[in-house]
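Note that ligands are numbered from 1 as they come in the structure, with each ligand's atoms numbered from 1 the same way. Since we're looking at a predicted model, the values are computed, not measured.
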Amino acid sequence: MKNRIAFGASLMCADYLNLERDIRLLEQNGIDYLHFDVMDGHFVPNFGLNLDLLKKAREITNLPINVHLMIDNAAEYIDDYMDAGCNSLSFHQEPTYHIQRLLQRIKARGIQAGIALNPATPLNTLEYILSDLDFVLIMTVNPGFAGQALVPATLEKISNLRTMLSEKGLNIDIQVDGNVSFENIPKMVNAGATMLVGGTSSLFMKNTALDESIRKIFALIY
Ligand code: DX5
Ligand code: ZN
């Protein structure tokens, strides 16, 4: 397992009317990356951030941008998102026909490739793509909305995945997304997560300034 934990900010939980201000605060306070949620209203029952916003964000920040596609047809759209300048990209296992091909397309561009798994999706789907992956996104809530409670079985899933990777001598990052709260962060890290996504449960809390949330988070993970 990597020693350092990377903590990312879920941009869909930031203040949309003050997005640049929030991005600057995230930069100044040492956030490791931006997590950029794209939703199509079909694979998940909600709409998220879009390509135009990604291009705008890319223009104003050098923070790594991690795109999470929650869409039915990732094959049709990944090139646009890569062209827009993301640094890492994941798509979901559940609606995708040619997973290994897509992972290769991402890696061929020098972009970190990840596969995202819903809470109910078993780990054995990873068996024959491990060498194609830079990271696995374990959804710790069902994707689509901020503010949901952790699906408890996903903690065991993280630790089972870390064991599986260690047994094979692989150092692939495990990203967790959903209810990454002050209470859950230590449990997720102990289970083997190395890339966290902070949303409304820790980073973007009502009545707490971003710098204060970040200090509390970093005190837990470093
Ligand atoms: C979905 C999003 C949200 C977001 C939520 O992929 O990425 O799940 O992080 O953060 P919380 O659960 O803390 O509101
Ligand atoms: Zn996400």
Side-chain angles (χ1 to χ4, degrees), residues 5-16 19 22-23 26 31-51 53-54 57 63-72 74 77-78 81 86-96 112-121 134-155 157-158 173-189 193-208 210 212-214 216-217 220-221:
I5 306 298
F7 197 91
S10 175
L11 222 51
M12 67 171 264
C13 300
D15 181 350
Y16 287 176
L19 215 44
D22 277 5
I23 290 173
L26 296 166
I31 281 291
D32 295 298
Y33 67 94
L34 299 177
H35 180 78
F36 195 93
D37 285 307
V38 180
M39 305 181 191
D40 64 358
H42 193 257
F43 175 63
V44 290
N46 196 7
F47 294 94
L49 310 177
N50 67 22
L51 192 58
L53 187 64
L54 176 61
L63 277 175
I65 301 183
N66 164 240
V67 169
H68 174 196
L69 295 180
M70 286 164 274
I71 63 176
D72 272 341
Y77 296 102
I78 54 167
Y81 282 88
C86 66
N87 303 82
S88 58
L89 189 151
S90 68
F91 58 88
H92 270 262
Q93 182 269 2
E94 299 81 8
T96 308
Q112 304 261 300
I115 186 86
L117 306 183
N118 282 341
T121 303
D134 294 301
F135 66 102
V136 178
L137 197 182
I138 299 291
M139 287 304 305
T140 40
V141 299
N142 286 293
F145 299 96
Q148 304 179 85
L150 180 87
V151 176
T154 59
L155 285 176
K157 191 175 182 184
I158 299 162
D173 276 307
I174 300 178
Q175 183 178 41
V176 285
D177 187 9
N179 199 199
V180 177
S181 63
F182 296 112
E183 188 191 340
N184 290 331
I185 287 170
K187 297 178 191 170
M188 291 165 160
V189 170
T194 49
M195 281 171 79
L196 311 187
V197 177
T200 63
S201 310
S202 54
L203 188 54
F204 296 101
M205 297 191 86
K206 276 199 185 110
N207 307 322
T208 309
L210 271 179
E212 192 187 332
S213 300
I214 294 170
K216 281 171 69 181
I217 291 163
L220 284 175
I221 58 179

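Taking distances strictly below 2.8 Å, the protein N/O/S atoms close to the Zn ion (ligand 2) are His35 NE2, Asp37 OD1, His68 ND1, Asp177 OD2.
Note that CD1 of Ile115 and OG1 of Thr96 are 6.0 Å apart. Values are rounded to the nearest 0.5 Å. Atom CZ of Phe182 is separated from atom OG of Ser202 by 5.5 Å, given to the nearest 0.5 angstrom. Between the CG atom in Asn118 and the OG1 atom in Thr154 there is a gap of 11.5 Å [rounded to 0.5 Å].
A side-chain donor from one of Gln175 and Asn66 sits under 3.5 Å from a side-chain acceptor of the other. Using modelled atom types, one finds a donor on one side chain and an acceptor on the other under 3.5 Å when comparing Asn184 with Ser181.
Side-chain N or O atoms of Asp134 include none that pairs as donor or acceptor with a backbone N or O of Gly114 at under 3.5 Å. Remark: the backbone N or O of Thr121 is paired with a side-chain donor or acceptor of Lys157 at under 3.5 angstrom.
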| query | Going through the distances and angles, do His92 and Phe43 end up as a ring-ring contact (aromatic ring centres under 6.0 Å, His included)? | reply | CA-CA 9 Å; His92 270 262; Phe43 175 63; 4.8 Å; yes
Ligand-protein N/O pairs under 3.5 Å (ligand 1):
| from | atom 1 | to | atom 2 | distance (Å) |
| --- | --- | --- | --- | --- |
| ligand 1 | 6 (O) | Asp37 | OD1 | 3.0 |
| ligand 1 | 6 (O) | His68 | ND1 | 3.4 |
| ligand 1 | 6 (O) | Asp177 | OD2 | 2.8 |
| ligand 1 | 7 (O) | Asp37 | OD1 | 3.4 |
| ligand 1 | 7 (O) | Asp37 | OD2 | 2.7 |
| ligand 1 | 7 (O) | Asp177 | OD1 | 2.7 |
| ligand 1 | 7 (O) | Asp177 | OD2 | 3.0 |
| ligand 1 | 9 (O) | Ser10 | OG | 3.4 |
| ligand 1 | 9 (O) | Asp177 | OD1 | 3.0 |
| ligand 1 | 12 (O) | Asn179 | N | 2.7 |
| ligand 1 | 13 (O) | Thr200 | N | 3.1 |
| ligand 1 | 13 (O) | Ser201 | N | 2.9 |
| ligand 1 | 13 (O) | Ser201 | OG | 2.6 |
| ligand 1 | 14 (O) | Gly147 | N | 2.7 |
| ligand 1 | 14 (O) | Thr200 | N | 3.2 |
| ligand 1 | 14 (O) | Thr200 | OG1 | 2.5 |

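Applying the 6.0 Å contact sphere to OH of Tyr33 captures more than 12 heavy atoms from other residues, nucleotides or ligands.
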